[in-house]
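What follows is a single structure, written as structure tokens, with notes after it.
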Amino acid sequence: MDITKNVKKRLGGAAKERERKKNKLNEAAKTCHNITFFLKNQTHNAFDNNILTSFTENEHEMNKDVVVANEEPNQEFSISEHEMNKDGVVDNEGPYYQVNEHTNNFKLPKNSDINQKLQFIKDRTIQPTIHTFSNLNLDLQKLYKRIMPNGSEVSRNWLSLHVQNEKILAIYCPICIVFSVSQSPFTSGYTKFTHIHIAIKKHECSVAHNNAVQNYIRASTENSIEFSINRDLMQLKKTQTEENIHVIKQIFEIIKFLGKQGLPFRGSGNSESLYHLGRTSDINTNRGNFLELVQFTAKRDPILQKHLSSSIKNSERRKYKQENNLKYSRGRGSLVTFLSITTINKIIDSILNSIRDKIKQELSGQKFSIQVDSTQDVGVFDQAAICIRYIFNGNVTERLFALLKVEDSSGEGYYNMLKSLFQKHNMNFTNVIGEAFDGASNMRGQFSGLQSRIKEQNPKSIYIWCYSHVLNLCICDTCQNINAKNLFGFLNRLSTFFRESFKRMNVWIEQNNTNNNTRWWSREKALFWVFDGDEPLFSTVICALHFVSNSPKFEAKISSEASSLLEKLCCFKIILTSHIFICIFKIVGPTSRYLQTKGLDLLTAWNMIESVQSEISKIDFESVYNEAYIFSKKINKHFSDLHLPEDIIVEDQLPTSRVYRKKRLCDELCEDQVLTNPKEKFRVETYRVIIDQILSSPNQRFSNNSNLIADIQYLIPKNFNLVENMPDDALTHIADLINIKKEHLKMELQNFSIIYPNLITSVVEKTKYMYRHSTKNITNSGKSSDESSAENIISDDFCKSNLNEFSNTDKCKLSEFDKNHSKQSCLICVYKIKILYSLNMHVSAYSNLCTAYEYFLTLSVTEVNCEGTFSKLKIIKSSLRSTLCQENLEALIIMSVERQLLEDIDVSEVVNYLKNSSSLMNKMLS
């Protein structure tokens, strides 16, 4: 008989201590409130009834028995079976639930608010319904269900499986991850699956898990203190974020204004710090346009004023700490004012990126041409302007895309610069169908120039020497004659004589009683002011020079120079030469200005050059000579009214020069024929040389791309009557360039030329014809079928009379610059204004023909956009802003040139860019 069975086992010290703690905890539990006490009179909205039913309040019945257990396994956290799903299984639909890469992240982000925490639990509660796993054989019913002491089942909706490729990687408890204050295997991922059911039961009965569940229930109700505090904090943060975005918007508008006007941002010295703005002693300091505009705007914007005042105080406090070595920090720390140079540069960069994105969006991978030109800025850097031309919504569009500093001015250097730019912005040389450069060897060189490098990438690209540059070179060629050099050299001496001294300029102003403020900046204007018009300045110049030459106020050297200029100005050869160039400039001047317009096409430019040659060939020497003679007589008559000395007389005839006789040798039978008549000699040696030179230079310089020009002739309306009898090789060159069949292009052009007169006929004329035609059908019903069919055809006279009728609302923008603009010779009028694009014929009916029109209109013929950019460059990068960095210079130039795109930028694009620039910006603007 074993007597030890009746003997009570003696407890050790540790066991007694556990028993004592257990009894103490049970006594304390009797005075504690039930968990339903906290949920009373509260509406609890569960985030998902299928996932968290064991922790939510049933709509019809409240759970009344909730016991919070301690560490002993026989005391459990139980929930009424009414909160269990009716089917006793998890409601996840589908045969298998695969976790994506984003859901696999079971790490709670830092600084998450209460809503983000609740959403984290909702997204990470995953219980796949697949019954077999490749690495484990588990009973999902036993895993997902918990058996209560009364035999009922409760879903373990806190359980989450990390499954990938039908394999369980880990088991998590999202509630403990979020609300537990201590770490457990289920917060970092439980991976030891040997005794998984025991581990799960131990975890759900632990104090840490139960406390986490209680914290979750409190956080889920909207009436909880934490939710209320968080709601107020969220509202406060939302208000602060809206105010920060409002400040960014005001700063963005100020930067846009300064960029459009080309104004400088910064002030002088160290006056841009915010702590200077609060000092009344620094009120006379130049703080720059940006800060002055910020202060000006803040007076009318309370939000900006509040932000500015706060930023000034924070800046002053930080400056005080730095000066007194209190918590000294070299950086700005967490001080963000949105007014620092760093933030301003970020906003400028975001504007540049937005403008380029809009240009690339308009371009959308289609064909385009480029314009490249360079100039030296005030900082002695070579700046290259890169412009692109393309078709957008049927309009010819030219945009400034980049302003780059040239490191290597050779053709290869320019090519490498363009290549890096295209690679950065996902552009391809195969889409470059043409390029317009000047005549420099590094650009137009056949073997090592930039155009040859581009042809290596795209052999079908077309190089066009800028027509405006070529025309200017043709005029310069005519000035190589000795009399032309004397004329323009004299005008240069005359302008320099008056401009280099304020005393002489005062004499000029006193003698010039008109309101005309003369500026000697071009040959054309100087000639017109002095020698042309009803009231030329010729007499004024004579009076001014006479006063200087005889006044004792001026030195002998100055008086002698004035006498020399006076004598030269009265020479008839100067007057006659000037009238020759006046006739030339009256013809070439409008053409030169017309070639400087945007959107000019190749055909229009070619026609303008031909018209110039035709008009110049009509200049008659006798009429020019008579005009010069009448001018001299008129000036001499006017001198008598000015009371000038009688020895000042303007010549009205060419002087007779000495005939140079060459000695005749003994074996020579005759002498060289010499022109003795001064008028005939001037006509041969000066007039004919100038005219012949200006007529021959365009033929030499504009001879490129003649095949392309010949093909274009058949695409203009005035030549549509020649389309039917085109040569066999017509349109061959253009068809090869745009990679289409010549037969298809010819067929579409022939069909289009037939229907074109009907398409351009006005509605009024069409209705008149229809009414007239219907009347004739009634009165002439007895006519033959041949006669009736003949009347159905619109007569040639009727088509010709309506060929020029366009809608008043449809205007070609080139007509604004050319009063003689012919719509029958304009490709833009045919493509955009009248037919092809406006009637949507470019889609299918005439796709090949539209491609040909678009190709011609895309080709650049001038560099006017680059020249306009250089004008802005002189304004923005001046001598006072010579240290402007290249990145900001490029951005400010593009902002000033592309004003329309700048206005289209929304402030949200800038805010998104600032958010991505740093985590601190993201926190302040989100």
Side-chain angles (χ1 to χ4, degrees), residues 479 481-514 516-582 624-625 627-658 678-679 682 686:
C479 298
N481 181 268
I482 184 63
N483 289 324
K485 289 182 178 180
N486 290 337
L487 171 64
F488 294 110
F490 166 76
L491 291 176
N492 185 44
R493 286 175 56 197
L494 191 63
S495 63
T496 306
F497 178 78
F498 286 106
R499 286 189 304 176
E500 62 183 9
S501 171
F502 74 93
K503 292 183 179 180
R504 281 169 266 169
M505 183 57 69
N506 290 337
V507 173
W508 167 257
I509 294 174
E510 291 176 0
Q511 297 295 330
N512 186 11
N513 295 324
T514 62
N516 185 13
N517 188 11
T518 307
R519 297 182 180 180
W520 311 82
W521 68 66
S522 68
R523 297 173 176 176
E524 179 186 2
K525 291 185 180 296
L527 278 177
F528 288 163
W529 278 330
V530 177
F531 298 99
D532 189 48
D534 296 334
E535 296 181 358
L537 297 178
F538 189 92
S539 301
T540 306
V541 176
I542 292 291
C543 294
L545 292 175
H546 173 70
F547 181 85
V548 174
S549 62
N550 292 276
S551 176
K553 298 179 180 179
F554 296 96
E555 298 178 356
K557 179 181 178 181
I558 303 301
S559 299
S560 175
E561 178 70 12
S563 299
S564 175
L565 292 174
L566 179 60
E567 181 180 357
K568 192 76 174 178
L569 186 59
C570 294
C571 180
F572 185 70
K573 187 178 291 187
I574 290 289
I575 298 174
L576 182 57
T577 307
S578 67
H579 278 75
I580 294 175
F581 277 99
I582 286 175
V624 174
Y625 187 88
E627 289 179 2
Y629 176 78
I630 295 174
F631 177 82
S632 299
K633 290 292 186 179
K634 180 180 178 182
I635 293 299
N636 286 326
K637 183 178 180 181
H638 185 57
F639 280 172
S640 59
D641 299 334
L642 298 177
H643 305 290
L644 291 174
E646 296 181 356
D647 57 339
I648 300 179
I649 300 176
V650 178
E651 298 178 357
D652 55 6
Q653 290 184 354
L654 292 171
T656 303
S657 59
R658 184 181 67 86
K679 180 179 178 181
F682 184 89
T686 301

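- For the atom pair CD1 (Ile630) and CD1 (Ile635), the distance works out to 12.5 Å, reported to the nearest 0.5 Å.
- In this structure, the separation between CG on Leu545 and CG on Asn550 is 11.0 Å, given to the nearest 0.5 Å.
- Taking a 6.0 Å sphere around NZ of Lys679, one finds it holds more than 12 heavy atoms contributed by other residues, nucleotides or ligands.
- Contact annotation: the side chain of Phe531 approaches that of Leu491 to within less than 4.5 Å [non-hydrogen atoms, C-beta and beyond].
- Shortest non-hydrogen contact noted between Asn492 and Thr496 is O-OG1, 2.8 Å.
- Across every non-hydrogen atom of Ile648 and His546, the tightest pair is CD1-ND1, 3.5 Å.
- Using cut-offs of 30° and 60° on the angle between ring planes, the pair Phe498 and Trp508 is tilted.
- Among all heavy-atom pairs drawn from Arg504 and Phe497, the shortest one is NH1-O, 3.0 Å.
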Step by step, would you call Thr577 with Asn483 a side-chain hydrogen bond (donor to acceptor under 3.5 Å, both in side chains)?
-> CA-CA 7 Å; Thr577 307; Asn483 289 324; 4.9 Å; no

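- Residues Leu654 and Phe682 approach most closely at CD1-CB, 3.6 Å, considering heavy atoms.
- Ser563 and Ser549 get closest at one heavy-atom pair: OG-CB, 3.3 Å.
- Here the CD1-CG distance, from Ile542 to Leu537, works out to 12.0 Å after rounding to the nearest 0.5 Å.
- Between Phe547 and Phe554, the angle of the ring planes goes over 60°, which puts this pair in the perpendicular group of the 30/60° scheme.
- Distance check: Leu569 CG to Glu651 CD gives 11.0 Å after rounding to the nearest 0.5 Å.
- Ring centroids of Phe581 and Phe488 are separated by less than 6.0 Å, placing the two rings close together.
- Atoms CZ and OG, from Phe538 and Ser632 in turn, are 7.0 Å apart once rounded to the nearest 0.5 Å.
- Using modelled atom types, no side-chain atom of Ser564 and backbone atom of Glu561 make a donor-acceptor pair closer than 3.5 Å.
- For the pair Lys573 and Pro678, the minimum side-chain heavy-atom distance is 4.5 Å or more.
- By the 4.5 Å heavy-atom criterion applied to side chains, Lys633 and Tyr629 are counted as neighbours.
- Contact detail for Val548 and Ser559: the closest heavy-atom pair is O-OG, 3.3 Å.
- Looking at Ile649 and Cys570, their side chains never come closer than 4.5 Å, going by heavy atoms from C-beta outward.
- Counting heavy atoms from C-beta outward, Phe572 and Val650 have side chains that stay 4.5 Å or more apart.
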May I have the step-by-step check of side chain to side chain contact (heavy atoms under 4.5 Å, CB included) for Met505 and Arg499, ending in yes or no?
-> CA-CA 6 Å; Met505 183 57 69; Arg499 286 189 304 176; 4.0 Å; yes

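- A heavy-atom distance below 4.5 Å is not found between the side chains of Asp652 and Phe631.
- Within 6.0 Å of atom CD in Glu555, 12 or fewer heavy atoms from other residues, nucleotides or ligands are found, so the atom counts as exposed in its surroundings.
- Note: Cys479 SG to Leu487 CG = 8.5 Å, rounded to the nearest 0.5 Å.
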